[in-house]
Amino acid sequence: MKKTVFLGALTVAALAAGAAGAATLDDVKARGKLNCGVSTGLTGFSFPDASGEWQGFDVAMCRAVAAAVLGDPKAVEFVPTTGKTRFTALASGEIDMLARNTTWTLSRDADLKFTFTGVNYYDGQGFMVPKALGVTSAKELDGATVCIQTGTTTELNLADFFRANNMEYEPVPIETNAEAQQQFLAGACDVYTTDASGLAATRATFENPKDYVILPEIISKEPLGPLVRQGDDQWADVVRWTENALVAAEELGITSANVKDLASAPGDNPEINRMLGTEGDLGAMLGLSKDWAVNAIAAGGNYGELFEKNIGENTPIGLARGLNALWTNGGLQYAPPFR
């Protein structure tokens, strides 16, 4: 089993090395479309709505990058990927970036040859159980059957947690969130484990969400964010600084409603002027137009707007900002200076 996993990692790394020689920014411009890898469907993060239009927090990141590069947030081809297929899709060049609740780890960075461009959601792994099970702590799950997505960090985290607490469990392997939901609701497993945000998103789709409890334990650090192929630094910078622009915009009071006005009438804040292209030309350093950040912010709003619209406390997902608040509000979201 270990040999198979190792060879799989080498294959992904080899694919990434082969694809990294291409200048992705030039490819996207020539194609006139961004190919963005997302999940197969996770409410609030990336999912097709009733009309087939992709929506969600991660989808908004794809659209912001498309707007920054091409001036059009709709110039995106969304490619659904599973925990198993996502890395091959990126390494092979099928997609230009992956924005799919993916955890930044050392092995993915160094061994699989990817570059994470930032953390757009600080998360941790949790557990969800039916309220009728009568469980109030993950330490009461000895002997439980657990639905778990294959090809994810949650597999190792789960094994570590149960071993550390001298407990046993029976894994029920699944490949997609939709399959996990089906199996969990059908009683094929006592527990569903994944990132806590994913549990909240999944529970929000249930007919009776209050019949299910997310247990208090968070057993890991799961910094989630977009990633690109290693070796294409210019493209990595484009994705990284697009995300930074959304975070900085929230801190600076730039919104989807006022960004165009601020860009047309430069004010007294030099950082706002630099970011929006009315002072200097940071866009040229990225290979983009002067108004790249204007377009990215106008696409859906700043980081806070995207959070509240897609997964915030007033949505069915109901996530509080927590660690994902701005650093000025006690959180971890922080953008480097635009200068």
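- Interatomic distance, Leu262 CG to Met275 CE, rounded to the nearest 0.5 Å: 9.0 Å.
- Between the side chain of Thr81 and the backbone N or O of Val38 there is at least one donor-acceptor pair closer than 3.5 Å.
- Of the possible donor and acceptor atoms, none in the side chain of Asn295 sits under 3.5 Å from a partner among the backbone N and O of Gly71.
- Between the Thr278 side chain and the Asn273 main chain, a donor and an acceptor come within less than 3.5 Å of each other.
- In terms of hydrophobic clustering, with Ile, Leu, Val, Met, Phe, Trp and Tyr side chains grouped at heavy-atom distances under 4.5 Å, Met128 and Val191 are assigned to different clusters.
- Around atom NZ of Lys29, more than 12 heavy atoms belonging to other residues, nucleotides or ligands sit under 6.0 Å away.
- Put simply, the side chain of Arg229 gets close to the backbone of Leu90: a donor and an acceptor are under 3.5 Å apart.
- Between the side chains of Thr153 and Glu222, at least one donor-acceptor pair of N or O atoms lies under 3.5 Å.
- Tested against Leu42, the residues Thr202, Asp195, Asp58 include a single side-chain contact (heavy atoms from CB on, under 4.5 Å) partner, Thr202.
- Taking the side chain as every heavy atom from C-beta outward, Val146 and Asp190 never approach each other to under 4.5 Å.
- Side-chain contact of Asp96 with Trp235: a donor-acceptor pair under 3.5 Å is absent, judged by distance alone.
- Side-chain N or O atoms of Glu250 include one that pairs as donor or acceptor with a backbone N or O of Gly304 at under 3.5 Å.
- Within the 4.5 Å cutoff, no side-chain heavy atoms of Val247 are placed close to those of Tyr334.
- Taken from CD1 in Ile254 to NZ in Lys260, the straight-line distance is 13.5 Å, to the nearest 0.5 Å.
- A donor-acceptor pair is defined here as one N or O able to donate and one able to accept, closer than 3.5 Å; no such pair exists between the side chain of Glu175 and the backbone of Lys84.
- If you take CD on Gln182 and SG on Cys147, they are separated by 10.0 Å, rounding to the nearest 0.5 Å.
- There is a side-chain donor-acceptor pair under 3.5 Å between Gln125 and Asn157.
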Subject >> Residue pair Arg108, Phe116: steps toward the side-chain contact (heavy atoms from CB on, under 4.5 Å) verdict >> reply: CA-CA 9 Å; Arg108 291 171 176 177; Phe116 284 78; 3.9 Å; yes
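- Side-chain contact, Glu251 with Thr328: no donor N or O sits under 3.5 Å from an acceptor N or O.
- With a 4.5 Å cut-off on side-chain heavy atoms, Glu243 and Thr117 count as touching.
- Side-chain polar atoms of Glu217 and Ser137 form a donor-acceptor pair below 3.5 angstrom.
- Under the 3.5 Å distance criterion, with hydrogens and angles disregarded, a donor-acceptor pair is assigned to the side chains of Ser46 and Ser39.
- Between the side chains of Thr152 and Thr154, a donor-acceptor pair is found at a separation under 3.5 Å.
- Side-chain N or O atoms of Asn310 include one that pairs as donor or acceptor with a backbone N or O of Leu306 at under 3.5 Å.
- Of the inter-residue distances, the one linking Cys36 atom SG with Arg100 atom CZ reads 12.0 Å to the nearest 0.5 angstrom.
- Around CD of Glu140, the count of heavy atoms belonging to other residues, nucleotides or ligands within 6.0 Å exceeds 12.
- Criterion: ILVMFWY side-chain heavy atoms under 4.5 Å apart, direct or through other members. Under it, Ile218 and Tyr122 are not part of a common hydrophobic cluster.
- Between Phe127 and Ile219 there is a side-chain heavy-atom pair separated by less than 4.5 Å.
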Pair up each side-chain donor or acceptor in residues 287-294 with any protein partner under 3.5 Å, not counting sequence neighbours, and list the distances.
| from | atom 1 | to | atom 2 | distance (Å) |
| --- | --- | --- | --- | --- |
| Ser289 | OG | Asp291 | OD1 | 2.6 |

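- Between the side chain of Asp49 and the main chain of Ser51, a donor-acceptor pair closer than 3.5 Å is present.
- Considering CD of Glu308 and CD1 of Ile311, their distance stands at 8.5 Å, rounded to 0.5 Å.
- The shortest side-chain heavy-atom distance between Pro337 and Glu271 falls under the 4.5 Å cut-off.
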Original post:
Checking side-chain contact (heavy atoms from CB on, under 4.5 Å) for the pair Arg203/Ile214: CA distance, chi angles, key distance, verdict?
Top reply: CA-CA 9 Å; Arg203 184 174 64 174; Ile214 297 175; 3.9 Å; yes
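- Relative orientation of the Phe307 and Tyr121 rings is parallel, given thresholds of 30° and 60° on the angle between their planes.
- Looking at Asn244 and Tyr303, their side chains never bring a donor and an acceptor atom within 3.5 Å of each other.
- Put simply, the side chain of Leu185 does not reach to within 4.5 Å of the side chain of Glu207, judged on heavy atoms.
- At a cut-off of 3.5 Å, with distance as the only test, a side-chain donor of Thr205 or Gln181 sits close to an acceptor on the other residue.
- The distance from atom CD of Gln149 to atom CG of Asn101, rounded to the nearest 0.5 Å, is 8.0 Å.
- For Phe338, the ring-ring contact (aromatic ring centres under 6.0 Å, His included) test picks out Trp241, with sequence neighbours left out.
- Counting only heavy atoms from C-beta outward, the side chains of Glu279 and Ile272 never approach each other to under 4.5 Å.
- If you check the side chains of Thr88 and Thr85, you find no donor sitting under 3.5 Å from an acceptor.
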Subject >> Steps toward side chain to side chain donor-acceptor pair (under 3.5 Å) verdict (Arg86, Thr102) >> reply: CA-CA 9 Å; Arg86 55 184 166 173; Thr102 298; 3.1 Å; yes
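- Results of the side-chain contact (heavy atoms from CB on, under 4.5 Å) test with Met97 over Val65, Val28, Val238 single out Val65 as the only residue that passes.
- When side chains are defined from C-beta on, Phe206 counts as touching Phe184, because their heavy atoms get closer than 4.5 Å.
- Inspection of the Thr255 and Asn302 side chains reveals no N or O donor paired with an N or O acceptor under 3.5 Å.
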